[in-house]
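Just below is one structure, and these are the notes that go with it.
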Amino acid sequence: SHSWCDGVVQSSRWRPGGADTPRIAEYLVKYTDDGAQAWIAATEAAIYATPPLREEATKKDKEAQRRTAMAAHFESFAPEAPAQGCKPPADVEGPEGQRKFLDRLKVLRTTNEIAEVIGSWAPRLDARNVAAALNRLARMAPFRSREAWAVVDVLVTRVLDEGLADYTAKSVSNICWALAKLGMPTEEAGNGRDLAKLKAARVYSLAVHRTWADLRPNPKAQRDGDGGVWNQWWPQDLAVLCGALARASSGTSSPMIRRLFSVVAQGAGLTKWMGFAPQELADAFSAIASWGLAPPALIESTVVKLTKHRDMFKPQDICVTLLTAVKAGGQRSLIRPALEGAVGAAVAASLQGYNTIDLSNLVWCISAADELENNSFQEVAFLESSRDFVAQVMTRAMKNMNEWTPTQLATLSFSSARLGFSNLDYLREVCKRWLQWFSTKLPPGAELPVSLTNMALTCARLGCPLPALAMNVCERVRAAMDGSGSKTGWQAQQVA
């Protein structure tokens, strides 16, 4: 029964990845009344429903198992019917008119010009160009133009009226990306007082329901095991949608988004990210993991693909994927080879092509091993081989410190301190900047709890007492605790 499966999944005595994992996973598929919920439970419990194989199983047997599991996955849920909206306005222009609109839109440069043209064309746009218009406005954000926001409202209202019924998968994903870029949350904020955000939240809901309905079983994909498992959704569109939903969500409580992400996580794991380009993989993997839906098997298949095809990944995609894998709790022994390859490639390229975010994240990944791993021979050898890379990063940060955000500087300082590779000249300059900011005004990112915590821990680890810095950090913690300051972002661990 489903309750029995819940008991197994939630039991503190069962550990994902143990000897019983395949058998329990098999039961989850075969003996549950609600297949969809069983798969979600399996995802959240960090397992995949793959039946056990014989020890002498051949490669052909393993591939047959993967296809069987993939077919079971896409048969295990009953998608809801897509929302039925009204028909588009009768005066929608034909193909020639739609091309003229796009050509006109491409040459415009200011927000007001774009808003004026879109506003005059809004009733005549087809579904594809409604999405294109929203996307073009979103690329100009942030803006304060009332005319532009009025046009956004007109387009969002049009989407709601039509219920996404005639919109392609690409248009649905582009609309959600545009709303997320405009800062619209997925939750209905303000108890309905903010009408724009209320409308946006309903568009997200429509999009999730529509996507869930679209991901119905594809007999050909189940038979052939090819990249068509997502039906009419291309991996690129699915990655854009997942990234938009993760960006626009303030938490992980939405059951519909959680269910959709669970389906994507299971499908990606079973198909080994087949059809996903490196950037699409990185974006979708990051979005899924941000909701806690990255089981060990998915992490493994992701890291293995990165390791095998690293030359196809751009530096940004490599760093995002590795950062996500580390934060999701991937095994260090699995991630270390990919990290070694990434560090070696960065050194060979003299850090060319790597921006400050990439370098900060990569150094953090190197330093993220726990104490038990730090004592292993393999980890010690890896850290020693990474010393030159960390030194190059800190040298670059010293030369171009204005290009680094306060959060990146703090992260690099703490990571290098954990590794014991700190450059005292770099640390002295970073602390000097923070003291100057405290005496004037903290720039964006410098006041974040994670930045202040990392700076305080860096000084403590290196035995570098800076009373003025510590005092300013403590004042902000005290203000957050007594309610006189902002509590945003402060966690009990950071306070401790």
Side-chain angles (χ1 to χ4, degrees), residues 135 138-139 141 173-174 176-177 180-181 234-248 264 268 273 275-291 294 298-299 301-328 330 334-368 386 389-390 392-397 399-412 415-416 444-445 450:
N135 193 283
R139 292 182 184 278
S173 64
N174 282 341
C176 289
W177 179 90
K181 181 69 166 58
W234 289 93
Q236 178 185 6
D237 303 328
L238 204 57
V240 170
L241 176 67
C242 290
L245 292 173
R247 178 179 183 177
V264 175
W273 293 106
F276 283 78
Q279 183 177 352
E280 296 158 10
L281 181 152
D283 292 344
F285 183 45
S286 177
I288 292 168
S290 69
W291 279 59
L298 178 61
I299 298 174
S301 64
T302 305
V303 174
V304 167
K305 184 165 186 174
L306 170 62
T307 304
K308 287 183 176 180
H309 307 287
R310 191 182 67 248
D311 292 343
M312 299 174 60
F313 284 71
K314 294 180 180 179
Q316 289 73 30
D317 303 329
I318 292 174
C319 295
V320 168
T321 303
L322 288 174
L323 179 70
T324 303
V326 172
K327 287 189 173 182
L334 171 68
I335 298 175
R336 190 185 299 118
L339 268 175
E340 289 177 338
V343 169
V347 172
S350 300
L351 308 187
Q352 295 298 316
Y354 291 78
N355 59 37
T356 56
I357 300 175
D358 304 331
L359 297 175
S360 174
N361 288 341
L362 200 50
V363 174
W364 183 89
C365 289
I366 295 172
S367 71
S386 303
F389 166 73
V390 177
Q392 287 188 32
V393 173
M394 301 193 79
T395 301
R396 174 168 162 175
K399 291 181 179 179
N400 307 289
M401 197 164 285
N402 290 331
E403 297 178 2
W404 293 66
T405 67
T407 303
Q408 293 164 4
L409 291 173
T411 300
L412 179 59
S415 300
S416 60
V450 64

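In what follows, residues are counted from 1 in the order of the sequence shown.
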### Task
Could you tell me whether a side-chain N or O of Ser301 sits under 3.5 Å from a main-chain N or O of Leu298, the two making a donor and an acceptor?
yes

#### Entry: Short side-chain to backbone donor-acceptor contact, Thr405 and Gln408, under 3.5 Å
yes

### Task
Any pair with a residue in residues 313-324 that passes side chain to side chain donor-acceptor pair (under 3.5 Å), sequence neighbours left out, goes on the list, sorted by first then second residue, please.
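Sorted pair list: Gln316-Asp358.
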
Rounded distance (nearest 0.5 Å) linking atom [atom1] of [X] with atom [atom2] of [Y]:
X      : Y      : atom1 : atom2 : result
Thr395 : Leu351 : OG1   : CG    : 9.0 Å
Arg396 : Ser350 : CZ    : OG    : 10.5 Å
Leu281 : Met312 : CG    : CE    : 10.5 Å
Ser173 : Asn135 : OG    : CG    : 9.0 Å
Glu280 : Leu238 : CD    : CG    : 9.5 Å
Phe285 : Leu306 : CZ    : CG    : 10.0 Å

Search all heavy atoms of [X] against all heavy atoms of [Y] and return the closest pair with its distance.
X      : Y      : answer
Ser415 : Trp364 : OG-CA, 3.3 Å
Ala294 : Ile288 : N-CG2, 4.4 Å
Ala342 : Leu362 : CB-CD1, 4.3 Å
Ser360 : Leu412 : OG-N, 4.4 Å
Met394 : Ser416 : CE-OG, 3.6 Å
Val343 : Ile366 : CG2-CD1, 3.7 Å

### Query
Is there a side chain to side chain contact (heavy atoms under 4.5 Å, CB included) between Leu241 and Asp237 once you walk through the steps?
CA-CA 6 Å; Leu241 176 67; Asp237 303 328; over 6 Å; no

If you define the side chain from C-beta out and look only at heavy atoms, does anything of [X] sit under 4.5 Å from [Y]?
X      : Y      : result
Cys365 : Leu339 : yes
Cys242 : Val264 : yes
Val393 : Tyr354 : no

### Query
Counting heavy atoms not belonging to Gln279, are there more than 12 under 6.0 Å from its CD?
no

### Task
Flag yes if more than 12 heavy atoms outside Met401 fall under 6.0 Å of its CE atom; otherwise flag no.
yes

### Message
Would Arg139 and Trp177 count as a cation-pi pair here, with the cationic atom under 6.0 angstrom from the ring centre and within 45° of the axis?
### Response
yes

### Thr356 and Glu403: side chain donor to acceptor below 3.5 Å
no

### Full working for side chain to side chain contact (heavy atoms under 4.5 Å, CB included) between Asn361 and Val320
CA-CA 8 Å; Asn361 288 341; Val320 168; 5.6 Å; no

